[in-house]
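Residue numbering restarts at 1 for every chain, and letters A, B, ... go by the order of the sequence lines.
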Amino acid sequence: MKMQSLPAPQTTAPLLRVDNLSVSFRTDHGPLPALQGVSLGVSPGETLAVVGESGSGKSVLSLALMNLLPPTATMTADHLSFDGRDLASLGQRDKRALRGRDMAMIFQEPATALNPVQRIGDQLVEAILLHDDMPRVRAHTRAVEALAATGIPSPDVRARAYPHQLSGGMRQRALIAMALIHRPRLLIADEPTTALDVTVQAQILDLIRDLAREVGTATIFITHDMGVVAEMADRVAVLYAGRMVEMASAADLFDSPEHPYTLGLLGSMPQLSQRGAPMLPITGTVPDPRHMPPGCHFHTRCPFANGTCETVRPQLRRLGPARLTACHYAPLLETLGART
Amino acid sequence: MMVRLLRRAAVSLVVLTGVLLIGFLMLQVIPADPAVAIAGPQGTEAEIEAIRRHLGLDQPLIVQFLYYLQRVLSGDMGHSVINNASVSAELLRAIGPTVELMCAAMLWAVPTALALGILAALRRGGIIDRMVMTLAVMGVSIPVFWVGLLMIQFAVRTRAFPIQGRGGPLWTLDGLSHIALPATALGLILIGPIARMTRTTLSDALHADHVRTARAKGASETRVVLNHALRTAILPVITLIGLQIGSLMGGAVVTETIFSWPGVGRLAVGAIIAGDYPMAQGAIIFLASAFIIVNVAVDLLNELADPRLGART
Ligand SMILES: Nc1ncnc2c1ncn2[C@@H]1O[C@H](COP(=O)(O)OP(=O)(O)OP(=O)(O)O)[C@@H](O)[C@H]1O
Ligand code: SF4
Ligand SMILES: [Mg+2]
């Protein structure tokens, strides 16, 4: 397991930055706030992991950053920039020019993310030709090379296959090849391995890391698996019920988690929780975004909650140069020590 | 895929035999006795008996049916009992106009319905969307003959279009003006179902994961809709169009009768009314086989268009 600590990422100018991002969906039962006040940045070469349980808003976050939210979504942000360019001020055409070329995405479901009636090769060729002008034959050669780079066996045969003729692992490789084909400066990977079995998962993670390192890509890696976070991340943002509750370097997060929710997430990893932090697996479920409890959104499930937590919502507080947490009792370990 | 097709063909053959049998039996039940019809009002008992023997009508039903099968397979469908014309020849003459009418109806109705469906899916809840849904409901509930009669009313008042029969070839003004009304009436029954199906499948496809992937690649919205969403959404629509050919044939029978269009449908209806036993049976068998063959063809087309279907077997 890799756990080096990196220089504080705030020192380099972030490639992507978003401040106070909120997303809400129009639904038949009224507005559904899926994301509230999320701010984050990611620098070139850096991997930012976004973790949280199912329904915490991870996919919504990645779609918002890619400008791929469905029309039922309303998105607001104080600031959203890519490479110093304000994304809000760009027209559709300019945003399209960035998408797929400078910012690419790997989706959660390899089974459905590929066009079922188009050959794999043709889907890659399309991705190439959308941003590069070259003869189709050349594009096809490049597509096969890209497939080969992901370790797909006999890539020229696979290029002629339809998605249903490939295994889940191969489909995900094809999607990765497609996402990385223009050597994007930002890669958003939304749980790229969740649908795969463990051995394939390890191979895919290596693949993303190697390719990203080779290209110097900034990566936003979405997952709910803390083991994968330990494997991949330089920094970690923890989402709970649409809000960011903690942000820290991976080393700090695993050494001394500051938010009870993070503690709970780590609690599902015995080998980590042995290192001092109490093991506290989370009970209960994420509250319905339409009926959020008052005060701290986590108080219904938090073992440390008290009266204040039920009425006063904790704001994100800075605990160190690159550390934020939203809990009244942070720093948690100190508070715990004082209590016992 | 080959195996599937062969199986399909075998099943179709069985169904076809069934159709022949049912058509045969149905016409046994109708009260008109063809021998009496041929003999005419002055025919004597003996004459009628002789005609009956000549037509094989005195044999047991199963034997009559086997004789009929044999003759049909050799292309001989008998002769009209009214004017002694060869049934096969009459049918051959009528096929052209029927195919022409159905093609003309589809030629305007399918693209129109697709366009309406696409526009409705892109602007759900908009004017076109509501129009399509209204049409879809109306199309089901308004019978073709009613529309046809309205059109004839209109044409008689305005004298804008001829209302009877077929004109010259279609590339002449005369031919076009003759086919305009029947093709419009017949095509209308396709608009509602096809437009509605396109709207439904396309609005689903627009939310599909792979369509989002296409957007993530940086594809333009036009490209996303036409190359990705529509390409998967069109498959059920093709199937539906194929299935609609059945109701189109039914509609053609009515339309041809109303507008005196010299096709198989009018031939069948005319023969049934006149009690022209061999002619009616020939026309019905022809319509039924055409229906079955079209369905197999649609299946095949679907398979070619959707690589996933080939994998099942
Ligand atoms: N298109 C949509 N319309 C309405 N609500 C949505 C839509 N997409 C997501 N949501 C809601 O937004 C919230 C966050 O969903 P999201 O898919 O981002 O979760 P996630 O963190 O990615 O979960 P998972 O780990 O299961 O992928 C959920 O409550 C979900 O129901
Ligand atoms: S603020 Fe209170 S309820 Fe919320 S996480 Fe901290 S201790 Fe738990
Ligand atoms: Mg998700």
Problem set entry | Spatial distance of atom CG (Asp122(A)) from atom CG (Asn227(B)) [nearest 0.5 Å] | 11.0 Å
Tell me, side chain or backbone of [X] under 4.5 Å from chain B's heavy atoms, or both, or neither?
X	value
Ala104(A)	neither
Pro116(A)	both
Leu130(A)	side chain

Exercise. Hey, is CG on Asp133(A) packed in by over 12 heavy atoms from elsewhere, all under 6.0 Å?
Worked result: no
For this session: Mark yes when over 12 heavy atoms from residues, nucleotides or ligands other than Arg138(A) sit less than 6.0 Å from its CZ; otherwise mark no.
Result: no
Got a donor-acceptor contact below 3.5 angstrom from the [X] side chain to the [Y] backbone?
X	Y	answer
Arg99(A)	Arg215(B)	yes
Arg212(B)	Ala113(A)	no
His131(A)	Lys217(B)	yes

Exercise. What residue, out of Thr112(A), Ile106(A), Leu63(A), Asn67(A), has the most heavy-atom pairs lying under 4.5 Å from chain B?
Worked result: Thr112(A)
Exercise. Given the options Gln118(A), Met105(A), His182(A), which has more heavy-atom pairs under 4.5 Å with chain B than any of the others?
Worked result: Gln118(A)
Below 4.5 Å, heavy atoms only, C-beta onward: do [X] and [Y] meet side chain to side chain?
X	Y	result
Arg231(B)	Val117(A)	yes
Gln108(A)	Asp209(B)	no
Asn115(A)	Thr213(B)	no
Arg223(B)	Glu126(A)	yes

Problem set entry | Polar contact flag, side-chain donor to acceptor under 3.5 angstrom, Gln123(A)-His228(B) | no
For this session: Measure across Gly218(B) and Arg96(A) and return the closest heavy-atom pair with its distance rounded to 0.1 Å.
Result: O-CD, 3.5 Å
